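Heads up: the structure comes next, in structure tokens.
For ligands, and for the atoms within them, numbers begin at 1 and follow the listed sequence. Worth saying up front: this structure is predicted, and the values here are computed from it rather than measured. Every heavy atom of this structure was used, including side-chain atoms; hydrogens, water molecules and symmetry mates were not.
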Amino acid sequence: MKTALTIAGSDSGGGAGIQADIKTFSALGVFGMSAITAITSQNTVEVRSVQLIDVNIINDQVAAVLEDIGADAVKIGMLATPDIIQTVAQCLKKYKPKHIVLDPVMISKGGHRLLEEDTMQELKSTLIPLASLVTPNIPEAEVLANMPIHNEPDMYEACRVIKKLGAQAVLIKGGHLQGNPNDLYYEGQTFQLFRGERIETKNVHGTGCTLSAAIAALLAKGKEMPTAIDEAKDYITNAIANSLNIGQGYGPTHHFYHLYECVT
Ligand SMILES: Nc1ncnc2c1ncn2[C@@H]1O[C@H](COP(=O)(O)OP(=O)(O)O)[C@@H](O)[C@H]1O
Ligand SMILES: Cc1ncc(COP(=O)(O)OP(=O)(O)O)c(N)n1
């Protein structure tokens, strides 16, 4: 049984964060474990409050898991402060997991900041260089690349800029652009565009979390990076197509166990 550890925030609404990650790991046949960095009180409409977890508790969660069980892949989500980023980076340097997928969560779909202002530089200098893959959406890529992204050609330039921050590879997700949601992968030599067809739905809460968790799970299962991204793209597309109409706002993308057959 392959294992994956998510180091991220808790979403009480169940659609994003460690809840989305664990559901995705399980749906893809990987044993999921979690180290919680923040407790968020949220639903499909809003984030009502956030309680950050003490860095010593974050460190202990990661150490407890990696010293006993280990992890074939690590997925990183919401890390709200420089101290939390430094703590997680120290753990990654100590335990050296083979695959590290970093989803640079900054703002929730409902517009709530999940990353404090002074944390961006720490993310760039301390954490991104440790990542096997960093998976920004368009707004996050604009911040990381310090440039506007209006179209796919801009995505190519932004990939080059973000790659220079030190990650082994970059995947800029195209869902926030007009037109089809194509995602662009760049590992420093060549580009690969993973094409999608837009599904008209408001139920896109947690799509980024779910995609990065699916990539981590598939890497844990031994898939090469482009294959992992390709199969994770199929997974998230199916999840969106089968998403749940629950709550008043952005519904969650549903995690079907039968999707497991779609990507194996
Ligand atoms: N309406 C949609 N239909 C199909 N795929 C989508 C849709 N919106 C986003 N995606 C895909 O879902 C994943 C998450 O993308 P995106 O929404 O851009 O990131 P985030 O959820 O982090 O904001 C990407 O693979 C993207 O191409
Ligand atoms: C605890 C927590 N982590 C991440 C998010 C981001 O989820 P969402 O707002 O749906 O954005 P994407 O996952 O689609 O990038 C969150 N809301 N809460």
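Looking at atom 7 (O) of ligand 2, its nearest protein heavy atom turns out to be Ala16 CB, 3.4 Å. Closest protein heavy atom to atom 10 (O) of ligand 2: Gly206 N, 2.5 Å.
The N/O atoms of Val204, backbone and side chain alike, include none that comes under 3.5 Å of an N/O atom in ligand 1. No N or O atom of Ile107 sits closer than 3.5 Å to an N or O atom of ligand 2. Any N or O atom pair closer than 3.5 Å counts here, and Cys209 shares at least one such pair with ligand 2. The N/O atoms of Glu140, backbone and side chain alike, include none that comes under 3.5 Å of an N/O atom in ligand 1. The shortest N or O to N or O distance between Thr40 and ligand 2 is not below 3.5 Å. The shortest N or O to N or O distance between His176 and ligand 1 is under 3.5 Å. At least one N or O atom of Gln42, backbone or side chain, sits closer than 3.5 Å to an N or O atom of ligand 2. Between Gly9 and ligand 2, not a single N/O pair is under 3.5 Å apart.
In summary, of the residues considered (Leu211, Asn137, Ile236), a side-chain contact (heavy atoms from CB on, under 4.5 Å) with Asp183 occurs for Leu211 alone. Of the candidates Thr210, Asp11, Asn43, Thr44, His205 forms a side chain to side chain donor-acceptor pair (under 3.5 Å) with just one, namely Asp11.
Residue-ligand proximity, His205 to ligand 2, at heavy-atom distances under 4.0 Å covers atoms 8 (P), 9 (O), 10 (O), 17 (N). Those atoms of ligand 2 with a heavy atom of Val204 less than 4.0 angstrom away are 14 (O). Near Gly175, meaning under 4.0 Å from one of its heavy atoms, ligand 1 places the atoms 9 (C), 18 (O). Interface of Ser108 with ligand 2, defined as ligand atoms under 4.0 Å from a residue heavy atom, comprises 9 (O), 17 (N). Numbered from 1 in the order shown, with element, the atoms of ligand 1 that lie under 4.0 Å from a heavy atom of Leu211 read 25 (O). Residue Ile199 approaches ligand 1 through these ligand atoms, each under 4.0 Å from one of its heavy atoms: 1 (N), 2 (C), 3 (N), 4 (C).
Of the candidates Thr207, Asn203, Ile240, Ile240 brings a heavy atom nearest to atom 10 (N) of ligand 1. Counting heavy atoms only, Pro181 comes closest to atom 5 (N) of ligand 1 of the residues Ser108, Pro136, Pro181. Here atom 27 (O) of ligand 1 lies nearest to Lys233 when heavy atoms of Met106, Lys173, Lys109, Lys233 are compared. Of the listed residues (Glu46, Lys109, His176), the one carrying the non-hydrogen atom nearest atom 8 (P) of ligand 2 is Lys109.
Arg198 places a side-chain N or O within donor-acceptor distance of the main-chain N or O of Gly175, the cut-off being under 3.5 Å. A donor-acceptor contact shorter than 3.5 Å is absent between the side chain of Gln248 and the backbone of Val45. The closest donor-acceptor contact from the side chain of Thr126 to the backbone of Leu123 lies at 3.5 Å or more, if one exists at all. Judged by distance alone, the side chain of Asn242 and the main-chain N or O of Asn238 form a donor-acceptor pair under 3.5 Å. Judged purely by atom type and a 3.5 angstrom limit, Ser243 has no side-chain atom pairing as donor or acceptor with the backbone of Pro252. Under a 3.5 Å cut-off, the side chain of Asn203 and the backbone N or O of Thr253 do not form any donor-acceptor pair. In this structure a side-chain-to-backbone donor-acceptor pair under 3.5 Å is missing from Lys2 to Gly222.
Residue Glu197 places a heavy atom less than 4.0 Å from ligand 1. Using a 4.0 Å heavy-atom cutoff, Ser10 is listed among the residues neighbouring ligand 2. At least one heavy atom of Asp183 lies less than 4.0 angstrom from ligand 1. Within the 4.0 Å heavy-atom shell around ligand 2 one does not find Ala8.
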- [ ] Could you walk me through whether Val143 and Met120 pass side chain to side chain contact (heavy atoms under 4.5 Å, CB included), step by step?
- [x] CA-CA 9 Å; Val143 171; Met120 187 52 57; 3.6 Å; yes
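Counted by atom type alone, Glu152 and Asn182 present one or more donor-acceptor pairs between their side chains at under 3.5 Å.
In this structure, Phe31 has its ring center no closer than 6.0 Å to that of Phe25.
Atom-to-atom distance recorded for Gln51:CD and Ile53:CD1 is 6.5 Å, nearest 0.5 angstrom.
With salt bridges taken as basic N to acidic carboxylate O contacts below 4.0 Å, one links Lys173 and Asp103.
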